[in-house]
Amino acid sequence: MTSPRTTLSLVDTDPAELAVDAIVIGVHSQTAEQGSGSPAGTLLLASGAESIAAAFDGKLTETLALLGATGGPGEVIKLATLGTITAPVVTAVGLGPEPSGAAPAPETLRRAAGAAVRALAGAPRVALALPLPDDADAPAALRAVAEGALLGGYRFAGYKTKPQPGRREPVADVLIAVPDAADATAQAEVVRAQAVAGAVRTSRDWVNTAPNELRPPAFAEAVAAAAREAGLGVEVLDEAALKSGGYGGILAVGQGSEAPPRLVKLTYTPAGGGNGKRVALVGKGITFDTGGISIKPAQGMWEMKSDMAGAAAVGAAMLAVAALKPSVAVTGYLPMAENMPSGTSYRPGDVITMYSGKKVEVLNTDAEGRMILADGIARACEDGADYLFETSTLTGGQVIALGKKIAGVMGTPELCERVKAAGEATGEPAWPMPLPDDVRKGMDSDVADISQVNAGMDRAGHMLQGGVFLREFVTEDVAWAHIDIAGPGYHSGEATGYWTKGGTGVPVRTLVHLVEDVAANG
Ligand code: BES
Ligand code: MN
Ligand code: ZN
């Protein structure tokens with residue numbers, strides 16, 4: 001299931017003369033003080049729109065204001081140009097108050113580009129003339145605009161059997177107006193944005209795929225096929241290989257389903273051995289989470305088709321890594337299982353021998369993510385990782401603590417700070433959380449090495465229990481970070497900015513950024 005493609009290119013000719021279906025410009029909201037006395041009220045054109053404003057004889061701001069434009073973030077106002085410029089439509093996208101620096105923050109631009117391209121569905125070819133700084137911040141701003149445009153232009157192909165009358169197709173070609181289209185740095189940003197946004201779109205496709213179409217064998221095959229095409233090393237462990245390898249956690253969760261579990265390993269080998277460091281990425285691939293014997297309520301259960309968003313992000317990030325070729329070795333581990341209630345399911349009370357050899361007492365089969373991840377993490381450590389980033393839709397507690405937009409990060413404190421910084425740089429916010437001793441204490445088991453959840457079924461510090469449990473499977477000399485994306489992995493509301501409804505692709509951009517960070521700085 002692949003979504004329609006969007007192409008991206010740079011132009012440095014006058015936006016007023018571009019033969020496209022629509023031109024996007026930015027508008028700022030002014031403070032009442034700034035706006036007083038101006039006929040346009042509180043609206044201010046952003047840089048990049050100069051030649052278009054000139055073609056409108058100075059009446060552009062006033063006209064947009066008459067149409068209701070306020071410059072608020074995410075606002076999109078369309079205006080027919082009636083021959084004033086070559087393009088038939090000008091689209092003004094709100095950027096919020098005028099920034100103090102040279103240009104708006106990258107995330108503001110990313111969201112604006114996304115909102116504009118999304119609103120322009122139906123127009124095959126559009127150009128973005130948004131404010132870009134001409135200083136050292138230029139590459140980050142261009143990257144943001146390019147990513148936002150490609151992600152706002154995403155639409156899941158879906159399963160409708162009949163053509164939808166009046167359905168507007170996503171924008172096919174996006175041009176970005178820059179000072180110099182031949183500039184090598186700018187061109188490199190376009191290439192990078194295509195790789196990264198392409199990966200985000202692939203991960204959205206996987207998350208949005210119906211769970212009956214993406215059970216572990218099919219998911220493994222889809223990831224393996226994409227990875228082979230990208231030139232990555234691919235190894236798929238089927239149920240027989242998992243059994244002989246002793247992957248008790250993955251097998252326990254997978255045993256309740258007729259669709260058997262998998263562990264997909266993807267390997268990127270840098271030219272010349274890279275910088276000698278090894279990064280491991282591990283992602284939770286529960287293709288559907290019913291809760292198992294500890295079954296979930298029916299309400300909203302269908303959203304648990306997104307419980308493989310971590311594995312989708314890791315698989316997709318590996319595709320971007322293959323394209324970007326950073327100078328560091330990267331291996332992806334994607335444990336996959338379907339958590340079902342049946343006569344063969346694992347049950348509360350079971351004691352499972354994990355891949356690491358540790359014995360875990362199962363108390364709630366709905367805490368299945370940590371069971372499969374523990375095996376993935378142990379295998380990654382055994383293979384010799386220096387840095388291990390693991391991401392998963394692990395706990396409802398993450399959503400309670402940090403909401404639907406901010407991921408929770410637990411692990412080696414220094415690495416958690418790097419994840420937070422990567423999240424800031426990419427527009428995927430993440431916040432460090434502690435791993436308290438008393439939470440670990442509550443997971444002491446009467447019979448096994450550790451309980452899978454708090455032995456008294458106490459939900460206090462729910463998200464932290466997940467982190468504390470997974471820490472048990474990380475080898476001591478490995479720097480690790482656990483990124484809980486239960487909230488930000490899936491967007492159930494209406495589309496906003498460059499987020500479409502459904503899979504978000506979080507945290508693909510963070511993972512790629514972290515890999516590049518380790519490649520550059522060790
Ligand atoms: N996949 C869920 C977590 C989840 C919840 C993801 C909401 C996305 C949105 C996970 O497997 C789960 O069921 N967690 C339980 C753990 C509990 C049984 C210890 C939870 O969060 O309630
Ligand atoms: Mn669960
Ligand atoms: Zn789950």
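In listed order, ligands and their atoms are each counted from 1. Index from 1, following the sequence.
Relative to the six-membered ring of Tyr154, Arg204 meets both conditions, a distance below 6.0 Å and an angle of at most 45° to the axis.
With respect to the Zn ion (ligand 3), Glu368 has OE2 as its nearest N, O or S atom. Summary: OD2 is the N/O/S atom of Asp289 found nearest to the Mn ion (ligand 2). Among the heteroatoms counted here (N, O or S) of Asp289, OD2 is the one nearest to the Zn ion (ligand 3). Considering just the N/O/S atoms of Glu368, the one nearest the Mn ion (ligand 2) carries the name OE1. For Asp307, the N, O or S atom closest to the Zn ion (ligand 3) goes by the atom name OD2.
Salt bridge Glu414/Arg418: present, at least one basic N to carboxylate O contact under 4.0 Å. Lys296 and Glu303 are not joined by a salt bridge, as no carboxylate oxygen comes within less than 4.0 angstrom of a charged side-chain nitrogen. The pair Arg262-Glu221 fails the salt-bridge criterion, with no side-chain N (NZ, NE, NH1 or NH2) lying under 4.0 Å from an Asp/Glu carboxylate O.
Within the structure, the closest approach of Gln452 to ligand 1 does not fall below 4.0 Å when heavy atoms are considered. Gln398 does not count as a contact of ligand 1, since none of its heavy atoms falls under 4.0 Å from the ligand.
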Start with the C-alpha distance between Tyr355 and Glu382, add both sets of side-chain angles, then the distance that settles side-chain hydrogen bond (donor to acceptor under 3.5 Å, both in side chains), and finish with yes or no. CA-CA 10 Å; Tyr355 182 72; Glu382 181 187 82; 2.7 Å; yes
Walk me through it: do Lys284 and Glu368 pass the test salt bridge (charged side-chain N to carboxylate O under 4.0 Å, His left out)? CA-CA 10 Å; Lys284 171 177 172 180; Glu368 81 298 334; 3.0 Å; yes
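For Glu303, no heavy-atom contact with ligand 1 is shorter than 4.0 Å. At a 4.0 Å heavy-atom cut-off, ligand 1 does not touch Met463 at all.
Of all protein heavy atoms, the one closest to atom 22 (O) of ligand 1 is Arg459 NH1, 3.0 Å. For atom 15 (C) of ligand 1, the closest non-hydrogen atom on the protein side is Asp366 O, 4.0 Å. Residue, atom and distance of the protein heavy atom nearest to atom 18 (C) of ligand 1 are Asn364 ND2, 3.3 Å. Nearest protein neighbour of atom 20 (C) of ligand 1, counting heavy atoms only, is His462 CE1, 3.5 Å.
Of the possible polar contacts, one joining the Thr344 side chain to the Gln255 backbone as a donor-acceptor pair under 3.5 Å is found.
Atoms of ligand 1 lying under 4.0 Å from at least one heavy atom of Gly396, given by number and element, are 3 (C), 5 (C), 20 (C), 21 (O).
For the residues Leu394, Asp484, Leu363, the heavy atom positioned nearest atom 3 (C) of ligand 1 is part of Leu394.
Residue side and main chain included, Asp307 places no N/O/S atom under 2.8 Å of the Mn ion (ligand 2). None of the N, O or S atoms belonging to Ala367 lies under 2.8 Å away from the Zn ion (ligand 3).
Residues Tyr333 and Asp383 have side chains that bring a donor and an acceptor to within less than 3.5 angstrom of each other.
Considering backbone and side-chain atoms together, Lys296 places an N or O closer than 3.5 Å to an N or O of ligand 1. Ligand 1 has no N or O atom lying under 3.5 Å from any N or O atom of Gly397, backbone or side chain.
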